Amino acid sequence: MPVPRRVVLSGDHTTGPLHLGHYAGSLKARVALQHHADQVLLLADLQALTDNAGRHHKVAANVVEVALDYLAVGIDPALSTIVVQSQVPELAELTMLLMNLVTVSRLERNPTIKEEIRLRGFERDMPAGFLVYPVSQAADITAFQATVVPVGNDQLPMIEQTNELVRSFNASVGADVLVECAALLSSVPRLPGLDGKAKMSKSLGNAIALAASPDEIRAAVRSMYTDPKHLRVDEPGTVEGNVVFAFFDAFETDTGRVEQLKTHYRRGGLGDSKLKRELEDRLQSLMAPIRERRARFGDDRAAVLSMLAQGTRRGRERAASTLGAVKRALGLAYFA
Ligand code: TRP
């Protein structure tokens with residue numbers, strides 16, 4: 001009998017096109033993973049709405065943009081199932097059922113939510129949908145019966161909360177209907193922003209979009225934060241916290257070359273502009289094929305939409321089967 005393949009689920013908010021931070025942190029791994037696992041990629045437009053009320057046009061418009069980013073980096077819809085969250089009503093229904101198994105205070109204790117409330121200034125006026133988005137994420141994960149969820153550190157509380165809900169649901173119906181999942185922690189360090197801030201983010205204006213033009217890439221590399229104390233070429237420079245080196249670490253596959261550059265920089269005699277020129281070359285050659293593929297897929301939006309409709313249909317069948325089992329277990333299958 002064939003060994004059942006792991007179901008791996010990850011997702012992205014559709015609030016804007018993806019950037020190099022996404023590529024280094026998750027997209028690259030997903031491209032590799034799709035050959036070895038049953039991979040579901042969720043375009044999480046519903047979840048994006050939980051902190052974008054009123055910006056629904058932006059959220060909707062970026063569904064295709066993120067899909068284009070997936071295709072551009074090499075996600076193959078024949079290997080990965082790309083699902084548009086809002087078009088799978090079973091996810092909303094499962095969310096509704098799971099919400100009864102968690103308390104408001106437990107949600108408020110979720111460290112990710114806590115931090116996000118602070119960042120968004122939601123202390124006084126929090127949309128109710130935002131507070132329960134961990135439940136919606138648990139519904140996403142369990143509906144597709146995902147057993148592996150690739151995450152960064154910040155998402156670990158979501159996995160914990162999901163598994164609590166799974167145990168609590170299974171205990172309440174006395175059967176193993178939902179499946180627990182495990183986090184797959186990313187081993188790559190988070191790519192910093194161009195300004196040296198810990199996180200590359202479009203909203204912080206310190207990102208390089210995957211679709212960036214050659215000129216934008218050049219300007220971005222030139223603006224990168226290096227070592228502010230490294231004023232003269234012949235003086236020693238600091239590698240730690242230097243964005244250029246974080247990028248070399250992330251994108252230069254010749255690690256020997258990276259070590260060479262670090263040694264030279266630390267010793268003195270390697271200027272920032274020379275170093276940046278080499279990084280720029282590396283990024284231009286990495287990103288040119290991504291940009292070209294993205295443009296090619298972008299020329300045929302109808303084909304992208306039909307690919308998304310197909311993936312969503314496949315995803316919906318799976319979610320419906322889980323939801324059916326959930327409703328039967330709860331005795332809610334009156335007319336079956
Ligand atoms: N919350 C995730 C993020 O911000 C996105 C997401 C939504 C997700 N649903 C998911 C990730 C289900 C994994 C599984 O990155």
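Counting starts at 1 for both ligands and their atoms, following the listed order. Along the sequence shown, residues carry numbers from 1. Everything quoted here is computed from the prediction, not taken from an experiment.
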Q | Linked hydrophobic residues, Val148 as query - side chain contacts closer than 4.5 Å | A | Val8, Leu33, Leu184

**Q.** All side chain to side chain contact (heavy atoms under 4.5 Å, CB included) counterparts of Asp176, not counting sequence neighbours
**A.** Asn170

Q) Any donor and acceptor pair, going by atom type alone, linking the side chain of Glu90 with main-chain N or O of Ala143 inside 3.5 Å? A) no

Q) When you look at Arg294 and Leu71, which way does the side-chain contact (heavy atoms from CB on, under 4.5 Å) test go after all the steps? A) CA-CA 7 Å; Arg294 201 182 189 286; Leu71 297 171; over 6 Å; no

**Q.** Residues forming a side-chain hydrogen bond (donor to acceptor under 3.5 Å, both in side chains) with Arg293, sequence neighbours excluded
**A.** none

Any protein N/O atoms within less than 3.5 Å of an N/O atom in ligand 1? List the atom names and distances, or say none.
from	atom 1	to	atom 2	distance (Å)
ligand 1	1 (N)	Gln47	OE1	2.8
ligand 1	1 (N)	Gln137	OE1	2.7
ligand 1	1 (N)	Gln155	OE1	3.4
ligand 1	9 (N)	Asp140	OD2	2.9

Q: May I ask you to decide if Ser203's main-chain N or O and Ser201's side chain share a donor-acceptor pair within less than 3.5 Å?
A: yes

